[in-house]
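Structure, as structure tokens:
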Amino acid sequence: MNKIRVRFAPSPTGPLHIGGVRTALYNYLFARKHGGDMILRIEDTDQGRFVPGAEAYIIEALTWLGIKFDEGVHVGGPCAPYRQSDRKPMYRAYADQLMDSGWAYYAFDTSEDLDAKRKEYEQEKKNFQYDASTRDMMSNSLTLPDEEVQRRLVSGIPYVIRFKFPVNTEIHIDDLIRGEVVVNSNLLDDKVLFKSDGMPTYHLANIVDDHTMEISHVIRGEEWLPSAPLHVMLYKAFGWEDTMPRFAHLPLLLKPDGNGKLSKRDGDRLGFPVFPLQWTDPVTKEVSSGYRESGYFPEAVVNMLALLGWNPGIEQEFFSMNELIDLFSLERISKSGAKFDLKKAHWFNHEYLIAKTDEELAGLFIKILEEKNIPVEPVYVAKVCSLVKDRVNFVSEMWEQASFFFVTPQSYDEAVMKKRWKENTPTIMQDVKNMLDGLADFSEQNIHDALHAYSEGKGLGMGQVMIPLRIALVGGTFGPDLQVIAAMLGKEEVKRRIDKILSVTI
RNA sequence: GGUCCGUUCAUCUAAGGGUUAGGAUUCAAGAUUUUCAUUCUUGCCAUAGGGGUUCGAAUCCCCUACGGACUACCA
């Protein structure tokens with residue numbers, strides 16, 4: 001068997017969205033699993049939709065996620081160039097080959113002609129399709145005399161090259177995910193292969209490139225299934241059937257709110273990033289959030305995406321990239337579309353977060369602290385991380401859970417104050433302050449013992465002591481063990497915070 | 001409209017003719033926690049509908065319904 005070679009072939013019309021990321025991931029897993037090659041090809045045959053920066057974005061996003069390429073536009077390789085605009089000179093000869101063998105023809109119909117035709121049909125409630133039933137009445141090299149065709153070609157009149165579908169032929173697609181799909185050629189239209197601007201369309205360029213790059217498996221989104229018959233016919237027309245790649249059409253990623261496939265336009269409307277990295281539209285300057293900037297870990301994104309449409313059939317839920325490679329198989333890809341689940345995405349990130357070491361988390365949290373001009377002591381920050389990581393999904397949420405470790409509370413939870421701050425509380429707090437002040441060793445254990453001794457001695461419930469003290473130190477009823485917090489803050493700071501709450505409540 | 005693809009808890013999914021239809025997330029309750037979170041336990045919740053085939057169907061076939069993709073000189 002020939003070497004496994006797969007490609008991820010995005011069009012640089014904007015940022016890659018997570019559906020595209022998943023397609024890239026599955027290609028990557030498949031290639032690695034079989035010791036094959038992974039190729040990045042840029043399909044920029046549509047000059048009108050080219051977006052500057054999109055290609056660099058795609059590369060940066062996949063690099064961030066740990067998806068590596070063996071060949072491609074950014075790393076080179078034996079089949080270079082890997083950008084279709086750079087391969088432009090080679091496509092014409094292939095189109096000519098199809099002309100010579102009778103599989104294609106020149107068509108001179110203008111967009112206006114075609115629009116008019118479509119309107120005309122629409123009025124009769126019919127669908128216009130450029131195919132065997134209509135091509136005879138159009139303006140093309142099948143209907144025009146040879147001399148006229150030649151005259152038009154030499155005089156520079158715009159034309160396209162269309163594929164000439166055979167009449168009433170069953171085309172079989174052997175899809176690795178969907179099984180056999182059969183389509184009759186009468187239902188297909190004579191697709192444009194070569195545009196009047198001198199560029200090939202996706203269909204031609206894609207087949208030529210997959211062939212010349214010796215691609216063994218085409219793993220792409222389901223939106224390509226309807227044009228797969230054309231692609232199969234092209235391989236046949238070129239005489240490349242023997243080396244035609246196997247096809248695998250992936251189920252789509254759907255919007256969480258119900259209808260339709262996830263698309264680039266959804267942006268932040270749905271409450272979660274649609275893009276791996278933040279993207280600023282070069283024209284509108286509109287900013288769309290990215291997973292990276294939102295605080296997702298790349299491993300969590302990969303894990304979550306891998307399981308959206310595929311599963312290994314075991315109950316394990318967490319997989320490293322290497323484990324995914326080891327377990328991956330096209331046979332276990334599901335057929336139906338998957339909706340993105342925001343809550344589960346959060347959960348995945350949370351699990352990856354708590355699995356990090358305190359030092360790793362501290363390194364990330366320190367960046368946030370520095371932005372707030374908080375002086376940082378790495379060992380202290382790591383301790384804080386160990387105490388609050390259970391309660392957050394993202395590093396960005398840590399400030400909210402841990403600010404009191406760094407700054408005195410600026411306000412106190414009013415609802416809790418109303419309920420917990422009793423008439424005798426100020427006296428208790430004053431006692432607690434004095435008692436803590438007397439502690440020579442301000443350790444967790446000593447604080448704990450002292451607090452318990454105090455409340456028992458006074459015949460008070462622990463709640464009457466601890467809750468007001470908690471409010472004084474953290475601002476509300478949340479956070480880790482109070483003795484630990486007090487010890488970390490230090491005696492003087494604890495005394496200051498008690499004074500402060502007493503001063504504002506009197 | 002036409003063609004193609006699909007349909008198991010709210011969501012991701014397992015079960016490839018024989019299981020009380022399993023797991024995970026979410027949600028709810030309880031235990032723990034002097035707070036909050038964690039953790040643990042428990043619970044709720046599904047084979048779209050109808051016909052076949054079969055001793056036996058989530059699984060195979062057909063019809064219907066619903067969802068999706070495609071239907072450009074876009075990819």
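Convention: sequence-line order gives letters A, B, ...; per-chain numbering from 1. Since the structure is predicted, the reported quantities are computational estimates derived from the model, not experimental observations.
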Send over the distance from [X] [atom1] to [N] [atom2], rounded to a whole Å.
X	N	atom1	atom2	result
D190(A)	U71(B)	CG	P	16 Å
L188(A)	G2(B)	CG	P	17 Å
E331(A)	A14(B)	CD	P	14 Å

Considering heavy-atom distances to RNA chain B, does F128(A) or G479(A) have its closest nucleotide positioned more toward the 5' end?
G479(A)
List the residues meeting side chain to side chain donor-acceptor pair (under 3.5 Å) with E317(A), not counting sequence neighbours, and say none if there are none.
none
Between [N] and [M], how far is it from one [atom1] atom to the other, in whole Å?
N	M	atom1	value
A57(B)	U8(B)	C1'	14 Å
U33(B)	G67(B)	C1'	46 Å
A69(B)	C74(B)	C1'	15 Å
G18(B)	A58(B)	C1'	13 Å
U42(B)	U47(B)	P	24 Å
A14(B)	A48(B)	P	14 Å
U26(B)	U41(B)	P	15 Å

Does atom NZ of K389(A) have more than 12 heavy-atom neighbours from other groups under 6.0 Å away?
yes
Contact list (N/O, under 3.5 angstrom) for nucleotides 11-13 of chain B vs protein:
from   : atom 1 : to      : atom 2 : distance (Å)
C12(B) : OP1    : K339(A) : N      : 2.9
C12(B) : O2'    : L307(A) : O      : 3.0
U13(B) : OP1    : G309(A) : N      : 2.7
U13(B) : OP1    : S334(A) : OG     : 3.4
U13(B) : O3'    : N311(A) : ND2    : 2.6

Would you verify whether the NZ or CZ of [X] falls within 45 degrees of the ring axis of [Y] while also being under 6.0 Å from that six-membered ring's centre?
X	Y	answer
R92(A)	F194(A)	yes
K164(A)	Y105(A)	no
R135(A)	Y130(A)	no

Nucleotide nearest L482(A) (side chain, heavy atoms from C-beta), chosen from C5(B), U25(B), U34(B):
U34(B)
Answer yes or no: is there a side-chain heavy-atom contact under 4.5 Å between M417(A) and I471(A)?
yes
Check for a donor-acceptor pair, side chain of D131(A) on one end and backbone N or O of D190(A) on the other, with a separation under 3.5 Å.
no
For [X], ring pair (Phe, Tyr, Trp, His ring centres under 6.0 Å) partners two or more places apart:
X	result
H448(A)	H452(A)
F163(A)	W103(A), F165(A)
F394(A)	Y296(A), H346(A)
Y91(A)	none

With a non-hydrogen cut-off below 4.0 angstrom, is [X] in contact with a base, only sugar-phosphate, or nothing?
X	value
G313(A)	nothing
E124(A)	nothing
D481(A)	base

Could you run down nucleotides 37-49 of chain B 5' to 3' and tag each one B, S or - for protein heavy-atom contact under 4.0 Å?
BS-----------
Give me the residues of residues 393-411 of chain A where at least one heavy atom lies under 4.0 Å from an atom of RNA chain B, by number, or none.
none
With a 3.5 Å limit on both atom pairs, tell me what [N] is paired to, counting Watson-Crick and G-U wobble, or say none.
N	value
A58(B)	none
A65(B)	U7(B)
G1(B)	U71(B)
U39(B)	A31(B)

Could you list the donor-acceptor pairs under 3.5 angstrom formed between side-chain atoms of residues 198-208 of chain A and any protein atom two or more places apart in sequence or on another chain?
from    : atom 1 : to      : atom 2 : distance (Å)
T201(A) : OG1    : V192(A) : O      : 2.8
T201(A) : OG1    : L193(A) : O      : 3.3
Y202(A) : OH     : N206(A) : ND2    : 3.1
Y202(A) : OH     : R220(A) : NH2    : 3.3
H203(A) : ND1    : H231(A) : NE2    : 2.8

Among residues two or more places apart or on two chains, list those pairs meeting ring pair (Phe, Tyr, Trp, His ring centres under 6.0 Å) that have a residue in residues 463-483 of chain A.
F404(A)-F478(A)
Of the non-hydrogen atoms in S141(A) and F108(A), which two are nearest, and what is the gap between them?
N-CE1, 4.4 Å
Contact list (N/O, under 3.5 angstrom) for nucleotides 73-75 of chain B vs protein:
from   : atom 1 : to      : atom 2 : distance (Å)
C73(B) : OP2    : R162(A) : NH2    : 3.4
C73(B) : O2     : S196(A) : N      : 2.8
C73(B) : O2     : S196(A) : OG     : 2.7
C73(B) : N3     : S196(A) : OG     : 2.9
C73(B) : N4     : D109(A) : O      : 3.3
C74(B) : OP2    : K195(A) : NZ     : 3.2
C74(B) : O2'    : D46(A)  : OD2    : 2.8
C74(B) : O2'    : R49(A)  : NE     : 3.3
C74(B) : O2'    : R49(A)  : NH2    : 3.3
C74(B) : O2     : R49(A)  : NH2    : 3.0
A75(B) : OP1    : T45(A)  : OG1    : 2.7
A75(B) : OP1    : K195(A) : NZ     : 2.8
A75(B) : OP2    : Y202(A) : N      : 3.2
A75(B) : O3'    : E43(A)  : OE1    : 3.3

Can you sort out the partners of E122(A) under side-chain contact (heavy atoms from CB on, under 4.5 Å), two or more places apart, ordered by chain and number?
none
